[in-house]
Asks: 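So that we are looking at the same thing, I have put the structure below in structure tokens.
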Amino acid sequence: MDADVIIVGAGLAGLVASNELVRAGKKVLILDQENAANLGGQAFWSFGGIFMVDTPMQRRLGVKDSLDLAWQDWQGSAGWDRLEGDHPEDEWAQQWGRAYVEFAAGEKRPWLQEQGVKFTPLVGWAERGDLSARGHGNSVPRFHVPWGTGTGISEPFADKAREAAKAGSVIFRFRHRVDRLVFQNGRVTGVTGAVLAQDDAPRGAPSNRDRVGSFTVTAQAVVIATGGIGGNHEQVRKWWPSRLGTPPRRMITGVPEHVDGRMLDIATEQGVRLVNRDRMWHYTEGLQNWNPIWPDHAIRILPGPSSMWFDARGRRLPVPGLPGYDTLGTLKILRATPDIAEYDYSWFILDQTIIKKEFALSGSEQNPDITNRDLGLLLRSRLGRTAPGPVEDFKEHGADFVVADTLPELVRKMNDLTGDGLLDEQQLETQIRARDNELVNPYSKDAQTMGIRNSRRFLGDRLARVARPHAILDPAHGPLIAVRLWIVTRKTLGGIQTDLAGRALNTAGQPIEGLYAAGEAAGFGGGGAHGYNALEGTFLGGCIFTGRTVGRSLAGAV
């Protein structure tokens, strides 16, 4: 055998599994089709937020959280409904969901800190939900931000793998693309595939697929940790659910091109059970990156609650289409409403006061203050007189930003940008003034206005995330800003069905000896631990939890 365990995929889930195996004295072979620059996978590029429950950081900010409240939120968001018949698709997903929430409310924070992950004092209120207590969304802020953003999560585990490689416990074979699982007497004993030509492409950039050789490697077990389908628009369209309307003709991409779902199809062709493939997570606040790394490189706005959101025809989105509330609920509005589904974009309208306090951009490269652990820059950029530098760069260079001193000028520029002439100045002014009129009193019937005031009751939002309520058309808060928003492909919520040990199941619902799955490839556990929705900060956490579980299971089995 070439190793005790083969891990296919050098992203966060694979690295966490490897770390557990090395600690148990096992030898690990890690295969990845990309080069060594991509160690850490998608996690490296992320903002890095982590869902945790009842932490010291929450309590310092006056947040009262609990396992019971978090589980209520998780169940309301997941909406698992495939629980009938033989081997139902949500059978293991629901159990993984419960196990993950218990982990998030228990040893997750101290364990991550033991691994070298450090957290800022910031706790964000992401995915605020559909405005019902038992429905989708976080009842309280739970989005914990690590120092280093995504690199602060991925690099501690990448560093451990590099050290293990120096000691001989880990073998890296980059540019090795797996094409088949190898079975012997019904057990997976290895993988076979193609050696790809060397390629010095920077992290995240496309690489060649030139085959220069072949390989076969063997081990006692194989772990599939190859991620989802977010970089493959053909696959996204293939599995797009009708409940979300029609997929856009144009989408932009929130993950590198190599996140192509290829290994998922290989697995299912060889009898591995994939479930819930129609469940996916795509953002609605995407920007075309003015300085791209991969094709159609998207950056997502992490919005505060004050921007006004309009469809392509200039109509304010109905509840739950509010910034930062219900991602898939908003996606459904945009893609299932008949007279706007033909348009692939929507609009934020806001002002300089809002953008400087409420706009954050996803991604490690868009947050140099936190990524570089620069406290001084953090305070200057988050509490200063202007928006953070990367946000101002997008405002100046981004193809989707329009800036003007007056509403007539803004509307003219918006129509010029799209070329479709759909927007009417009077219609927009009427809607904006109606919302501005709701700010005269500290109470309101307008759901968004109530949400803004509710947000400012949370100390963290009031200090660093939510602007003081004001009239958008007040020139003192100008200039006016419009941002064209696209759909961003991102996460796969279904995947390989696994039991609570991380063992991959076959089409009869039975474990396949020697085969495990972790991370997004496993639907972050059980083939769908999130159900239909996500509470944010749960994707990296799902990679960590499934990777740790698989590593520990295998440590006792091989």
Asks: Say whether S364 and T149, considering side chains only, have a donor N or O and an acceptor N or O under 3.5 Å apart.
Replies: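 No donor-acceptor contact under 3.5 Å links the two side chains.
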Asks: Between H282 and W240, does the ring centroid distance fall short of 6.0 Å?
Replies: yes
Asks: Are any of the side-chain heavy atoms of R209 and Q33 separated by less than 4.5 Å?
Replies: yes
Asks: Taking all non-hydrogen atoms of both residues into account, name the closest pair between T492 and G230 and its distance.
Replies: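 In this case the closest contact between T492 and G230 is OG1-N, 4.3 Å.
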Asks: Could you give me the CA-CA distance, side-chain angles and deciding distance for Y532 and W80, then say whether ring-ring contact (aromatic ring centres under 6.0 Å, His included) is met?
Replies: CA-CA 7 Å; Y532 285 95; W80 294 294; 9.7 Å; no
Asks: Which atom names give the shortest non-hydrogen contact between V550 and G502, and what distance separates them?
Replies: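 Looking at all heavy atoms of both residues, the closest pair is CG2-CA, 3.8 Å.
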Asks: List for me each residue that meets salt bridge (charged side-chain N to carboxylate O under 4.0 Å, His left out) alongside E155, sequence neighbours excluded, and say none if there are none.
Replies: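 Partners of E155 by the salt bridge (charged side-chain N to carboxylate O under 4.0 Å, His left out) criterion, ordered by chain and then number, come out as R162.
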Asks: Restricting to side chain to side chain contact (heavy atoms under 4.5 Å, CB included), what partner residues turn up for W290, sequence neighbours left out?
Replies: D393, F394, H397
Asks: Is any side-chain heavy atom of L535 less than 4.5 Å from a side-chain heavy atom of W74?
Replies: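 They are in side-chain contact.
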Asks: Under the 3.5 angstrom rule, does the side chain of Q497 hit a backbone N or O of P88 as a donor-acceptor pair?
Replies: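 Yes; at least one donor-acceptor contact below 3.5 Å.
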Asks: Identify, with sequence neighbours excluded, every residue that meets salt bridge (charged side-chain N to carboxylate O under 4.0 Å, His left out) alongside D81.
Replies: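 Residues passing salt bridge (charged side-chain N to carboxylate O under 4.0 Å, His left out) with D81: R279.
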Asks: Under 3.5 Å, is there a donor-acceptor pair between the H144 and T55 side chains?
Replies: yes
Asks: Charged N to carboxylate O under 4.0 angstrom, D265 versus K238?
Replies: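 Here D265 does not pair with K238 in a salt bridge, since their nearest N and O are not under 4.0 Å apart.
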Asks: Would you say R142 and D65 make side-chain contact, with heavy atoms under 4.5 Å?
Replies: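 The answer is yes, as the side chains (C-beta and beyond) meet within the 4.5 Å cut-off.
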Asks: Using modelled atom types and a 3.5 Å cut-off, is there a donor and acceptor pairing between side-chain atoms of S46 and backbone atoms of G48?
Replies: yes
Asks: Between H530 and S77, does any side-chain donor sit less than 3.5 Å from a side-chain acceptor?
Replies: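 Side chains of H530 and S77: no pair found under 3.5 Å.
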Asks: With a distance cut-off below 6.0 Å to the six-membered ring centre and an angular limit of 45° from the axis, does R109 pair with F119 as a cation-pi contact?
Replies: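 Judged by the rule (NZ or CZ under 6.0 Å from the ring centre, within 45° of its axis), R109 is not positioned above F119.
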Asks: What about the rings of F51 and F143, do their centers lie closer together than 6.0 Å?
Replies: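 No, the ring centres sit 6.0 Å or more apart.
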Asks: Could you tell me whether the side chain of I544 reaches within less than 4.5 Å of the side chain of L12, counting heavy atoms only?
Replies: yes
Asks: By salt bridge (charged side-chain N to carboxylate O under 4.0 Å, His left out), which residues pair with R273, not counting sequence neighbours?
Replies: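 R273 satisfies salt bridge (charged side-chain N to carboxylate O under 4.0 Å, His left out) with no other residue.
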Asks: Are Y345 and L334 packed together at the side-chain level, in the sense that at least one heavy-atom pair is separated by less than 4.5 angstrom?
Replies: no
Asks: Taking the six-membered ring for Trp, are W96 and F524 ring centroids under 6.0 Å apart?
Replies: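 Ring centres of F524 and W96 not closer than 6.0 Å.
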Asks: In chain order, what residues pass the side chain to side chain donor-acceptor pair (under 3.5 Å) check against W294, with sequence neighbours excluded?
Replies: none
Asks: For D199, check side chain to side chain contact (heavy atoms under 4.5 Å, CB included) against everything at least two apart and list the hits.
Replies: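 With neighbours one apart ignored, the set is R175, A201, S207, N208.
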Asks: Got a list of side-chain donor-acceptor pairs under 3.5 Å for residues 507-516, not counting sequence neighbours?
Replies:
residue, atom, partner, partner atom, Å
E513, OE1, R187, NH1, 3.4

Asks: Is E285 paired with R300 through a side-chain N to carboxylate O contact shorter than 4.0 Å?
Replies: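 Yes, R300 and E285 are salt-bridged.
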Asks: For a quick test of your reading: what N or O donor-acceptor pairs under 3.5 Å do the side chains of residues 325-332 make, sequence neighbours left out?
Replies:
residue, atom, partner, partner atom, Å
D326, OD1, G329, N, 2.9
T327, OG1, E127, OE1, 2.8
T327, OG1, E127, OE2, 3.4
T330, OG1, D326, O, 2.8

Asks: Whether the side chain of R211 engages the backbone of A194 through a donor-acceptor N/O pair (distance < 3.5 Å, no angle test) should be reported.
Replies: no
Asks: Could you verify whether a donor N or O on one side chain and an acceptor N or O on the other, from K491 and Q42, lie under 3.5 Å apart?
Replies: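 Short answer, yes.
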Asks: Going by the angle between their ring planes, with limits at 30° and 60°, are H136 and W281 parallel, tilted or perpendicular?
Replies: perpendicular
Asks: With heavy-atom distances below 4.5 Å as the criterion, would you say the side chains of V272 and N506 are in contact?
Replies: no
Asks: Taking side chain as C-beta onward, heavy atoms only, is N367 less than 4.5 Å from P390?
Replies: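 Result no, sub-4.5 Å side-chain heavy-atom pair not found.
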Asks: Measure the shortest side-chain to side-chain distance between R128 and N138 over non-hydrogen atoms and say whether it is less than 4.5 angstrom.
Replies: no
Asks: Taking A267's backbone N and O only, do any of them form a donor-acceptor pair with R180's side chain (distance below 3.5 Å, no angle check)?
Replies: no
Asks: If you take all heavy atoms of A501 and S553, which pair is closest and at what distance?
Replies: O-OG, 2.9 Å
Asks: Among all residues two or more places apart in sequence or in another chain, which pass the side chain to side chain donor-acceptor pair (under 3.5 Å) test with D179?
Replies: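 Expected list: R177, R262.
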Asks: My understanding is that only residues two or more places apart in sequence, or in another chain, count here; which of them pass salt bridge (charged side-chain N to carboxylate O under 4.0 Å, His left out) with K108?
Replies: none
Asks: Which heavy atom in P146 sits nearest to a heavy atom in V117, and how many Å separate them?
Replies: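 Heavy atoms of P146 and V117 come nearest at CB-CG1, 4.3 Å.
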Asks: Could you check whether S139 and D73, counting side-chain N and O atoms only, form a donor-acceptor pair closer than 3.5 Å?
Replies: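 The criterion, which ignores hydrogens and geometry beyond distance, is satisfied for S139 and D73.
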Asks: Not counting sequence neighbours, which residues clear side chain to side chain contact (heavy atoms under 4.5 Å, CB included) with R98? List them please.
Replies: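 R98: side chain to side chain contact (heavy atoms under 4.5 Å, CB included) contacts with L67, W71, E102.
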Asks: Using side chain to side chain contact (heavy atoms under 4.5 Å, CB included) as the criterion, list what pairs up with A17, not counting sequence neighbours.
Replies: I7
Asks: I'd like to know if the side chain of D2 reaches the main chain of V217, judged simply by a donor and an acceptor atom lying under 3.5 Å from each other, with no hydrogens or angles considered.
Replies: no
Asks: Given 3.5 Å as the limit, does a donor-acceptor pair link the side chain of E20 with the main chain of V16, or not?
Replies: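 Between the backbone of V16 and the side chain of E20 there is no qualifying donor-acceptor contact (under 3.5 Å).
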Asks: Looking only at atom types and distance, does a side-chain atom of Q288 sit under 3.5 Å from a main-chain N or O of A298, one as donor and one as acceptor?
Replies: no
